[in-house]
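In what follows, chains are A, B, ... by sequence order, proteins preceding strands, each numbered from 1. On a predicted model such as this, the values are computed, not experimentally measured, just so you know.
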Amino acid sequence: MNVAVRASKRKKAETRPDPADLLAWYDRHRRVLPWRALKGQRADPYAVWLSEIMLQQTTVKTVGPYYVKFLTKWPTVEALAAAPLDDVLRAWAGLGYYARARNLHACARAVVERHGGIFPADLDALRALPGIGDYTSAAVGSIAFDLPAVPVDGNVERVVSRLFAVEQPLPAAKPAMKQLATALLPPERSGDFAQAFMDLGATICSPKSPACGLCPWTEVCVTRARGDQEAFPRKAPKREGKQRYGAAFVVLRDDGRVLLRQRPEKGLLAQMTEVPGSDWTHDFDADTALDAAPSFKVKVKWQKLTGQVDHVFTHFPLALTVYLGHVPRGTVAPKGGRWARIDGLADEALPNVMRKVLSHALDR
DNA sequence: TATACGTGGAT
DNA sequence: TATCCAAGTAT
């Protein structure tokens with residue numbers, strides 16, 4: 001074979017990312033995940049959808065046990081749709097972003113009612129379901145049905161922004177990044193391509209110290225060539241939330257129960273369970289804290305516990321002062337409240353901030 | 001377009 | 001310790 005023929009068989013020097021290189025990398029290095037079909041096997045749309053909802057803004061490690069719990073408890077979308085919302089919220093407790101749980105339940109019911117219990121193999125129909133947005137419709141569509149779509153998550157944004165040195169900051173750059181990512185979509189293996197893209201971002205093209213030497217696209221990466229890959233993606237500065245304060249009241253009844261209530265239907269931690277407390281404000285006055293205490297027929301002697309419970313929400317940090325009180329057996333709960341067994345708290349729909357409060361009061 | 005919406009782990 | 005950020009969506 002002469003030199004000219006050898007040259008023509010050699011891979012041409014690429015100037016732009018070749019999806020085939022990413023797929024070849026994926027075939028060797030794909031992660032094994034509970035919701036991911038084995039190589040060559042077909043993914044269950046219900047399992048893909050469930051995992052994608054849980055994975056929104058949530059790490060793979062955190063999702064693992066919740067995913068297994070949900071799939072065991074509700075193996076099909078029909079089973080999930082038939083469950084009471086409260087059961088779903090209790091199972092979701094601790095995972096955060098509780099609107100996801102409410103939408104998960106609503107979506108399951110919509111799939112049963114609108115689509116006969118079968119997830120639609122259609123991007124627009126998926127996108128129309130509760131809790132399914134641009135990302136998730138593309139993820140379920142590509143992974144479960146091999147529809148030609150690219151789910152653009154934080155991983156993909158990072159990879160694309162580095163490959164092409166996208167100067168526009170996020171989140172304004174989202175449409176441009178989606179365009180760039182979608183332009184790379186190969187004619188086949190959409191689902192593998194989507195998962196490969198995300199795997200690459202999660203394991204190689206990491207936020208800090210990316211392993212560029214192991215990247216299948218290292219030779220076509222604009223920022224890699226310049227050495228400023230860690231400066232991407234560009235991001236608009238975000239303002240930090242202001243500290244808020246509040247009081248929480250842990251009321252123990254002598255028969256081993258604690259007073260709980262449900263949070264309002266909308267807003268922060270909507271429809272989740274909590275102990276009674278004050279509003280959470282910037283200018284909370286410790287002297288008036290007891291104004292927010294629940295009232296009973298008997299007078300309660302409140303014990304202000306030492307220390308406080310600190311918790312950080314996405315948009316503000318919270319410091320709660322905890323008060324402990326005791327009431328006699330037979331005391332009636334105030335309106336909206338109920339007495340819950342202390343040894344059954346694990347099964348309540350308590351967000352973690354409330355678990356911290358209860359732990360602060362009871363683990364002593 | 002900007003903001004509300006949880007939590008935990010990595011650096 | 002402080003900051004970032006993780007398979008985003010709804011409004």
Side-chain angles (χ1 to χ4, degrees), chain A residues 31 33-36 43 47-67 89 92-104 106-107 126-144 149-159 169-175 177-178 181 191 193-203 205-210 230 233 235-242 244 263-264 266-272 274 280 310-318 349-356:
Chain A
R31 289 180 289 173
L33 300 171
W35 45 85
R36 184 173 278 180
V48 172
W49 163 73
L50 178 61
S51 69
E52 289 299 342
I53 300 299
M54 289 184 166
L55 285 163
Q56 289 167 8
Q57 299 290 286
T58 309
T59 58
V60 164
K61 184 178 177 180
T62 300
V63 165
Y66 282 89
Y67 173 80
L89 292 179
W92 195 277
L95 197 53
Y97 281 147
Y98 298 99
R100 291 185 296 173
R102 286 178 269 121
N103 285 144
L104 184 86
C107 183
L126 287 169
R127 180 72 176 76
L129 292 165
I132 296 186
D134 280 338
Y135 164 80
T136 306
S137 56
V140 174
S142 61
I143 297 170
V150 180
V152 181
D153 70 334
N155 289 308
V156 173
E157 286 170 353
R158 189 168 53 253
V159 172
L170 287 169
K174 279 179 178 288
M177 291 186 186
K178 175 161 184 154
F193 184 73
Q195 294 173 94
F197 225 138
M198 294 189 278
D199 270 19
L200 185 69
T203 64
C205 196
S206 46
K208 311 276 187 200
S209 307
E230 281 197 53
K235 295 202 171 182
K238 46 177 165 278
R239 46 173 145 292
E240 58 185 289
K242 265 175 34 185
R244 296 187 206 182
R263 290 184 57 86
K266 302 203 172 219
L268 186 65
L269 306 174
Q271 298 175 57
M272 299 296 285
E274 67 174 1
W280 302 337
D310 288 299
H311 189 77
V312 180
F313 292 104
T314 308
H315 47 307
F316 67 90
L318 175 67
L350 289 162
N352 277 11
V353 61
M354 288 300 148
R355 292 184 186 275
K356 285 186 192 176

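For the pair L95(A) CG and dA6(C) P, the computed distance is 17 Å after rounding to whole Å. One interatomic measurement links the two molecules: CZ of F313(A) to C1' of dA4(B), which rounds to 12 Å at whole-angstrom precision. In this structure, the CG atom of L104(A) is 16 Å from the P atom of dG8(C), given to the nearest Å. Remark: C1' of dT11(C) and CZ of R102(A) are 13 Å apart, rounded to the nearest angstrom. Rounding to whole angstrom units, NZ of residue K266(A) and P of dT9(C) are separated by 19 Å. Atom CG in D153(A) sits roughly 8 Å away from atom P in dA6(C) (whole-Å rounding). Atom pair K178(A):NZ and dA7(C):P shows a separation of 17 Å (rounding to whole Å applied). We find that CE of M54(A) is positioned 22 Å from P of dC5(B), with the value rounded to whole Å.
With C1' as the reference atom, dC5(C) and dC5(B) are 15 Å apart, rounded to whole Å. Here, dT1(B) and dT9(C) have their C1' atoms 15 Å apart, quoted to the whole Å.
The phosphate of dG8(C) has neither OP1 nor OP2 within less than 4.0 Å of any side-chain N or O from K174(A). Applying the 4.0 Å criterion to OP1 and OP2 of dA6(C), one finds that R158(A) has a side-chain N or O inside that range. Distances shown here put a side-chain N or O of Q57(A) below 4.0 Å from the OP1 or OP2 atom of dG8(C). Phosphate proximity of dT7(B) to H311(A): present, with a side-chain N or O under 4.0 Å from OP1 or OP2. Phosphate proximity of dT9(C) to T136(A): present, with a side-chain N or O under 4.0 Å from OP1 or OP2. One finds no side-chain N or O of N352(A) lying less than 4.0 angstrom from the OP1 or OP2 phosphate oxygen of dG6(B).
Of the candidates dG6(B), dT7(B), dA7(C), the closest approach to any side-chain atom of P351(A) belongs to dT7(B). Listed nucleotides dC5(C), dT9(C), dT7(B) differ in distance to P207(A); the shortest reach to its side chain belongs to dC5(C). Of the candidate nucleotides dA7(C), dC5(C), dT7(B), dT7(B) has the atom nearest to the side chain of V353(A). Considering only the side chain of Y98(A), dG6(B) comes nearest among dC5(C), dG6(B), dG8(C). In the set dT7(B), dA7(C), dA4(B), dA4(B) carries the atom at the smallest distance from any side-chain atom of H315(A). Comparing dA10(C), dA7(C), dG6(B) by their nearest atom to the side chain of R127(A) picks out dA10(C).
The backbone N or O of R355(A) lies less than 3.5 Å from no partner atom in the side chain of N352(A), so there is not a single donor-acceptor pair. In this structure, the side chain of Y66(A) engages the main chain of A93(A) through a donor-acceptor pair within 3.5 Å. No side-chain donor-acceptor contact under 3.5 Å links S206(A) to the backbone of T203(A).
Expressed to the nearest 0.5 Å, how far CG of L89(A) lies from CG of L350(A) amounts to 11.5 Å. Rounding to the nearest 0.5 angstrom, the gap separating the CG atom in D134(A) from the CG atom in L126(A) is 12.0 Å.
At a cut-off of 3.5 Å, with distance as the only test, no side-chain donor of Q56(A) or R100(A) sits close to an acceptor on the other residue.
When the nearest nucleotides of DNA chain C are assigned to S51(A) and L129(A) by heavy-atom distance, the more 5′-ward of the two goes with S51(A). When each of K208(A) and Y97(A) is assigned the nucleotide of DNA chain B with its nearest heavy atom, Y97(A) is the one assigned upstream, toward the 5' end. In this structure, P171(A) and T58(A) both approach DNA chain B, and ranking their closest nucleotides by distance from the 5' end singles out P171(A). In terms of position on DNA chain C, the residue among E240(A) and D134(A) whose nearest nucleotide sits closer to the 5' end is E240(A).
The shortest heavy-atom contact between G201(A) and R158(A) is O-NH2, 2.7 Å.
I143(A) comes within 4.0 angstrom of no nucleic acid atom, judged by non-hydrogen atoms across all strands. At a threshold of 4.0 angstrom between heavy atoms, the contacts of W49(A) with the nucleic acid are absent. Across all strands, G201(A) comes closer than 4.0 Å to no nucleic acid atom at all (heavy-atom distances).
For Y135(A) against dG8(C), a side-chain-to-base donor-acceptor contact under 3.5 Å is absent. One can find a donor-acceptor pair under 3.5 Å joining the base of dA7(C) and the side-chain atoms of R31(A).
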